[in-house]
Number of protein chains: 2
Amino acid sequence: MSTSVVEREDSGSGALTGQVIAAVTAHIHANHLAPGDQLPSETALAAQLGVSRTVVREAFGSMAALRLIDVGTGRRARVSAIDRSVLALVLDHAVHTDQISVQQILDVRRTIELRTAALAALRRDAADAARITALAVAMREDFADAQRVMEHDIAFHETIARTSKNPMFALIVGSFHVVTRQTWPVGWNSRANDAERWHMIEGHEAIAAAVATGDPRAAGSAMAAHFDYSVKALVAAGIT
Amino acid sequence: MSTSVVEREDSGSGALTGQVIAAVTAHIHANHLAPGDQLPSETALAAQLGVSRTVVREAFGSMAALRLIDVGTGRRARVSAIDRSVLALVLDHAVHTDQISVQQILDVRRTIELRTAALAALRRDAADAARITALAVAMREDFADAQRVMEHDIAFHETIARTSKNPMFALIVGSFHVVTRQTWPVGWNSRANDAERWHMIEGHEAIAAAVATGDPRAAGSAMAAHFDYSVKALVAAGIT
DNA sequence: TCCCTCAACCTGTCACACAGGTTTGTTCTT
DNA sequence: AAGAACAAACCTGTGTGACAGGTTGAGGGA
């Protein structure tokens with residue numbers, strides 16, 4: 001375990017804690033650890049680095065919050081797979097503290113999701129396409145239950161992002177769900193009538209069809225139309 | 001201070017710690033706290049929630065790691081402004097643990113930065129445009145010092161993202177710098193000769209000119225050309 | 001070979017203590 | 001009246017020791 005300091009982003013904690021974070025990070029990199037690989041125990045690491053267990057716990061806790069590692073009672077920390085929750089928390093916080101607006105997030109979503117739809121059309125296999133289509137079908141079938149339509153809608157976008165086969169797109173799209181859960185009902189309820197709600201579902205069906213066909217241009221266009229329609233509804237509902 | 005549990009993303013910590021995180025988050029939301037606003041002290045919060053100071057420290061530590069709050073010796077925690085370091089850490093970790101490739105990041109960058117360039121052209125004021133142009137000029141002037149060219153290059157892209165006036169774009173683009181610092185020298189060194197390096201700098205100048213002119217279409221095209229050229233160089237250098 | 005038990009290991013939480021930093025209020029000087 | 005200096009109160013970062021409860025792996029028995 002190297003204690004050399006690797007210059008990197010500051011973690012926002014104390015000096016010793018920061019040093020332990022750097023040391024653990026260096027250890028992960030130097031040993032090419034992958035998700036699931038174990039780290040030394042808190043006690044061993046404290047002895048090794050000449051700090052108290054408290055400091056190691058602080059460091060591990062910070063790294064766990066960032067989902068760089070995975071901690072749990074009774075077992076040693078392990079390197080973690082990236083997940084959407086970090087960015088989701090950051091976005092939720094940013095919206096609640098008026099640092100980012102919902103419309104700004106939608107602009108980012110539109111930018112990214114036109115690309116993920118096109119990539120999904122290019123890179124999908126038959127199972128991917130079936131999964132995306134099934135979600136559009138589920139939206140139609142669960143029309144009477146807005147909560148379920150919303151869950152299908154969120155899963156639809158995330159599945160397309162996953163089908164882009166670019167985990168960073170999946171990560172970013174996956175982070176929208178917390179904010180989406182707060183705004184989606186407003187958009188749904190703001191529709192003047194059921195015909196408009198059906199129109200939104202038809203937009204999803206068009207995206208799914210383009211992905212299934214393997215047509216990236218059509219997929220991107222369908223996604224653009226969907227976003228433009230949805231943004232208009234949210235603006236009309238007063239979400240800025 | 002409400003102790004009600006707000007359903008949200010799990011923080012990766014213990015049960016009590018998670019509850020304190022939820023309580024603090026609820027407090028921030030319920031009181032419409034903005035960046036800079038103070039939170040209760042660790043000791044007061046521990047008494048209020050009926051847990052030990054250790055647990056509050058764990059919760060605050062996690063929230064600080066996520067840059068939701070800002071902690072420091074001798075003073076109470078405050079609500080924090082969002083910053084790029086969280087996503088930067090996540091990306092760096094993802095690359096080092098082979099969860100995201102550099103090429104995948106570049107695809108995301110291209111998608112986003114074509115949009116930020118176009119928005120910057122639409123939304124820039126004279127000072128913005130001057131700032132962007134100055135960075136392109138600095139790249140040319142510091143040509144003999146690769147390290148400085150790289151810093152100007154990174155600042156160039158971040159300034160454009162900021163000029164998009166969408167903080168989420170700025171956040172995402174700002175997160176690339178750690179990984180970029182690791183790959184940029186490879187790309188620069190992989191160029192066959194100085195003529196190719198000048199060509200890259202001319203690409204930046206073209207973007208700056210389009211932004212200054214206020215032409216979003218030209219800005220997007222120039223940014224696309226820049227990325228396509230840079231991606232080719234990194235691929236040729238073996239970065240996948 | 002599979003299942004159960006148990007010992008060793010491990011983390012989450014608690015209480016207490018101390019070093020060093022920040023904030024606030026009061027007093028003094030200009 | 002405004003600014004500077006000082007001290008007390010408040011506050012966080014780190015350390016120590018303890019205990020409750022969970023995980024893991026080895027050994028033994030069916």
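So you know, we letter chains A, B, ... as the sequences are listed, proteins then strands, and number each from 1.
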CD of Glu58(A) versus P of dG12(C): gap in Å, rounded?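 In whole Å, dG12(C) P and Glu58(A) CD are 13 Å from each other.
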Distance alone, cut at 3.5 Å: any donor-acceptor contact between the side chains of Gln99(B) and Thr97(B)?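 Yes, Thr97(B) and Gln99(B) have a side-chain donor paired with an acceptor closer than 3.5 Å.
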Main-chain N/O of Ile160(B) paired with Ser164(B) side-chain donor or acceptor, under 3.5 Å: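 Absent.
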Donor-acceptor contact present, side-chain His27(A) to main-chain Ala23(A), <3.5 Å: no
Starting at atom CG of Leu45(A), determine the distance to atom P of dG15(D), rounded to an integer number of angstrom. 12 Å
Would you say dC10(D) has OP1 or OP2 under 4.0 Å from some side-chain N or O of Thr43(B)?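 No, Thr43(B) has no side-chain N/O under 4.0 Å of OP1/OP2 on dC10(D).
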Kindly write out the residues that satisfy salt bridge (Lys or Arg N to Asp or Glu O under 4.0 Å) with Asp107(B), not counting sequence neighbours, or none if the list is empty. Arg115(A)
Tell me, please, which residues at least two apart from Trp184(B) pass ring-ring contact (aromatic ring centres under 6.0 Å, His included).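 ring-ring contact (aromatic ring centres under 6.0 Å, His included) list for Trp184(B), sorted by chain: Trp188(B).
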Could you give all pairs that pass the salt bridge (Lys or Arg N to Asp or Glu O under 4.0 Å) test and reach residues 37-49 of chain A, with sequence neighbours left out? Glu42(A)-Arg53(A), Glu42(A)-Arg57(A)
Relative orientation of the end axes in the helix from dT1(C)-dA30(D) to dT30(C)-dA1(D), expressed as an angle to the nearest 10° (five pairs per end): 30°
Mind calculating the distance between CG (Leu39(A)) and C1' (dC9(C)) to the nearest angstrom? 16 Å
List every contact pair, protein side and nucleotides 14-19 of chain C side both N or O, where the distance is under 3.5 Å.
from, atom 1, to, atom 2, distance (Å)
dC14(C), OP2, Ser52(B), N, 2.9
dC14(C), OP2, Ser52(B), OG, 2.8

What's the closest nucleotide to the side chain of Glu42(B) if the choices are dG12(C), dG13(D), dT14(D)?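 When the side chain of Glu42(B) is considered, dG13(D) is the closest of dG12(C), dG13(D), dT14(D).
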Figure out the CZ/P separation between Arg75(A) and dT11(C), and round it to whole Å. 9 Å
Take the angle between the ring planes of Phe227(A) and His157(A) and call it parallel below 30°, perpendicular above 60°, tilted in between. perpendicular
Rounding to an integer number of Å, can you tell me how far Ile69(A) CD1 sits from dC10(C) C1'?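 Checked: the CD1 to C1' distance equals 14 Å.
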With a 4.0 Å limit, can you tell me whether Arg76(A) has a side-chain N or O closer than that to the phosphate oxygens OP1/OP2 of dT11(C)?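 It does not, given that no N or O in the side chain of Arg76(A) lies less than 4.0 Å from OP1 or OP2 of dT11(C).
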Rounded to whole Å, please give me the gap between CZ in Arg57(A) and C1' in dG13(D). 15 Å
Which residues satisfy the salt bridge (Lys or Arg N to Asp or Glu O under 4.0 Å) test with Glu151(A), sequence neighbours excluded?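 Per chain and number, Glu151(A) pairs via salt bridge (Lys or Arg N to Asp or Glu O under 4.0 Å) with Arg181(A).
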Work out which heavy atom in Ala81(A) is nearest to a heavy atom in Pro35(A); give both atom names and the distance.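 Result for this residue pair: N-CB, 3.8 Å.
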